[in-house]
Structures are given as structure tokens and as C-alpha cells.
2 protein chains.
Amino acid sequence: MMELTRKGEYAIRGIVFLASRPPEQICLLSDIAAAVDVPPTFLAKIFQQFSKIGLVKSYRGTGGGFVLGRSADKITLLEVVEAVEGPIVPNRCVINKGECARDATCNVHPVWVDVQHRVRDILNEVTLQKLAGTNPPK
Amino acid sequence: MMELTRKGEYAIRGIVFLASRPPEQICLLSDIAAAVDVPPTFLAKIFQQFSKIGLVKSYRGTGGGFVLGRSADKITLLEVVEAVEGPIVPNRCVINKGECARDATCNVHPVWVDVQHRVRDILNEVTLQKLAGTNPPK
DNA sequence: CATAAAAAGACTTATAATGTCTTTTTTGTG
DNA sequence: CACAAAAAAGACATTATAAGTCTTTTTATG
């Protein structure tokens, strides 16, 4: 239960790798994909999502590629995960009230809210800088 | 992300309902299903899983049905969820070492372990008694 | 033995995950 | 300007999982 999908796994690997490179160095998608062992076409989709919300900056054409959209200590694991997996919602009823007809009487609801907050808090404390930390750039 | 499946949702509804009934009263699966608005055949599968691990006790034949396997204050939400959803593992790499080749260098791993523990702790604190509490038996 | 109920297993359908392929757009370079 | 290099976009294919149904079997009771 509560399992990260492969997409999420790949997303993390990819952007952590990018964070481990010198900040101004433009990385080819194909290089990243090879380095973190992810199908390049799939990683492309993921990085497109990153790009749309500014987690990475993309350059097209010759000499193009990707760099982080912000410094690695300003990007959290929470952002990365939610970028590709969507919001963290342990149960549908947490998304919006009224979703669950039992709302008023449902004692389980607050538990899921609690879970949601705890998980988000944990992931929000972890920055890409920390994650890239002891993986020194080769 | 991290969403409970419908099966899990149904499982909780079903067993919480059972917990809200007088402890010795044998409940028909069909009655439970109707009360919590779940397809009876699907709920049957769920209760079979419960039965196997003793969360509920089943009686077959005429006059048969289900009762809780233990008192409601001795059954946790964690048990219920894991019974039908499997163990709570935010990432494959948490299941067993060696799963992830990057193991040693992976800084993300401990984060998932942390998430796993927090979530389990939260769910482990919640008993069926609490959940059934303010839902008085009709 | 007839009936009521759960257990078990095979099966179907729907949805989401995972991934590929092709075409288009953008950009730098000879 | 033409070409090549790269990402963006969209359509497509495949596989896995979720969700649910149906049929048959087992067990218990009156």
C-alpha cells in the first residue's frame, strides 16, 4: 500500500542526479537517462512535467538540455513527488469535503488527514541538496 | 499518490460497521454490505481475508455470519488496512535490502523508511472501538 | 435431506501504469 | 539559409492492477 510508482521513482532519480551536477552545467536528457538507468522516452515525459512547473529549466535545440529551475536546497522531495504523482491523498475523502457521504459521521476521515500531513511534512523537509549530498559529481 | 484502494475503503467500512454492533450479534454479510453500500460479492472476498487472519470470526450455514475476531479495542486500523492492502511500503526499496542496487549510496531510502514508520504508527493508534465510537448502533 | 450461509476459484471488465513511436517546434552553427 | 541537435507534444501499444461477477463447493442447522 501507498507505493510510489516507477514514474515517481524515476523522477526522483533523474532530478537528484541533475542536482548532483555543477549548477550551471546543461545536461542532456539522454545522459541523465543513461546515468540513472531509466528509459529515455519515459524520462522525457517526466522532465516535461518538471519543466512546466519550473522545477527544471529546459533549453531546446543544439547545445540544449536541462538544468535545475532553482538551487538544489530550494527544491523539496515533496515537490518532486507531487509533480509527477499528483497530490498526496491517502483517501479520496481527504481531497474535498462532500466527497464522502458519511462525512459528518466518519471517524476515519481525520486519521487520513493526519497521515497526509505527516507524510507531506516529512517529504517537505528533504531537499535535493541533501539527497544529492553524498553522491559526489563524478 | 499513496491512495487507499476501494477495496481498502470497503474493508474499513465493513469492519467498522461490524464493530458498531453488539459484540455477540452475528451479522450477515449481505446485511453488512447493504449497510455500508458495498457490492456483496466483493465484500465477501474482503471478509474472507479478514477471517483467515482472525480479524473476524465466520460461521457457515444457517444462522451463520460474522462477528469480530477480538474486541473492537484490540483491533487497529493498521491491521485492517494491511490485511487487504498488504504491507505499507512507500517504496519498493523499503521492502528488503538489495532490492535497490543503489542501496548504499541512496539518500532517499531512509526517507521512505521514515514515512513508513510514521504512517504505521498513526494507523496503529486507531482502534475499531474509536472508529465505531460515535456511530451508535441503530 | 433441504436450506442457508460462507469459502473458493475461475472469470470478466475497467482503469491506470508503463513505455514507445512519430511528428513538431525551437535553437544554435556552418 | 539549411541543417542538425535537442526538447515538446501527442498518439499509440502493452501490461499490470483494481474492481467486480459468477459458479461451484463446503459447512452447518433445523
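Each chain gets a letter, A, B and so on, in the order its sequence line appears, and its residues count up from 1. Hydrogens, waters and symmetry mates play no part in the numbers below; they use all other heavy atoms, side chains included.
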Nearest-nucleotide check on DNA chain C, A:Lys45 vs B:Leu28; residue mapping nearer the 5' end is B:Leu28

Q: Using a 4.5 Å cut-off on heavy atoms from C-beta on, say whether the side chain of B:Met2 contacts that of A:Val119.
A: yes

May I ask you to evaluate whether B:Thr41 reaches the phosphate of D:dG20, defined as a side-chain N or O under 4.0 Å from OP1 or OP2? no

When rounded to whole Å, the CD1 to C1' distance for the pair A:Ile26 and D:dA7 reads 12 Å

When rounded to whole Å, the CG to P distance for the pair B:Leu29 and C:dA4 reads 16 Å

- Between A:Arg6 and C:dG19, does any side-chain N or O lie under 4.0 Å from OP1 or OP2? yes

Margin query: Ignoring hydrogens and geometry beyond distance, is a side-chain donor-acceptor pair present between B:Asn91 and A:Glu9 at under 3.5 Å?
Written below: yes

Atom CZ of A:Arg60 and atom P of D:dA9 are separated, to the nearest Å, by 7 Å

Close side-chain approach of A:Thr41 to A:Lys45, heavy-atom, < 4.5 Å:
no

For residues 51-70 of chain B, which side-chain donor-acceptor pairs fall under 3.5 Å, sequence neighbours excluded?
unit_1: B:Arg70; atom_1: NH1; unit_2: B:Lys74; atom_2: O; d: 2.6
unit_1: B:Arg70; atom_1: NH1; unit_2: B:Glu79; atom_2: OE1; d: 3.4
unit_1: B:Arg70; atom_1: NH1; unit_2: B:Glu79; atom_2: OE2; d: 3.4
unit_1: B:Arg70; atom_1: NH2; unit_2: B:Glu79; atom_2: OE2; d: 2.9

For this session: Return no unless some side-chain N or O of A:Thr5 is found under 4.0 Å from OP1 or OP2 of C:dT18.
Result: yes

To the nearest angstrom, the CD-P distance between A:Glu9 and C:dA17 comes to 16 Å

From CD of A:Gln49 across to C1' of D:dA8 the rounded distance in Å is 13 Å

Using a cut-off of strictly less than 4.0 Å, decide whether B:Ser30 has a side-chain nitrogen or oxygen near OP1 or OP2 of C:dA5. no

In whole angstroms, the gap separating P of D:dA9 from CD of A:Gln48 amounts to 6 Å

Original post:
Base, sugar-phosphate, or nothing for B:Phe66, non-hydrogen atoms under 4.0 angstrom?
Top reply: sugar-phosphate

From NZ of B:Lys52 across to C1' of C:dA7 the rounded distance in Å is 8 Å

Closest to the 5' end of DNA chain D, once A:Ala44 and A:Gly63 are matched to their nearest nucleotides, is A:Gly63

Only pairs under 3.5 Å count here: list side-chain donor-acceptor contacts from residues 82-89 of chain A, not counting sequence neighbours, and write none if there are none.
unit_1: A:Glu82; atom_1: OE1; unit_2: A:Arg120; atom_2: NH2; d: 3.2
unit_1: A:Glu82; atom_1: OE2; unit_2: A:Ile88; atom_2: N; d: 3.0
unit_1: A:Glu82; atom_1: OE2; unit_2: A:Arg120; atom_2: NE; d: 3.3
unit_1: A:Glu85; atom_1: OE1; unit_2: A:Thr5; atom_2: OG1; d: 3.2
unit_1: A:Glu85; atom_1: OE2; unit_2: A:Thr5; atom_2: N; d: 2.9
unit_1: A:Glu85; atom_1: OE2; unit_2: A:Thr5; atom_2: OG1; d: 2.8
unit_1: A:Glu85; atom_1: OE2; unit_2: A:Gly8; atom_2: N; d: 3.4

**Asked** Is the phosphate of D:dA8, meaning OP1 or OP2, less than 4.0 Å from a side-chain N or O of A:Ser58?
**Response** yes

D:dG20 phosphate, OP1 or OP2: any side-chain N/O from B:Tyr10 under 4.0 angstrom?
yes

B:Ile46 CD1 to D:dT21 P, in whole Å, measures 12 Å

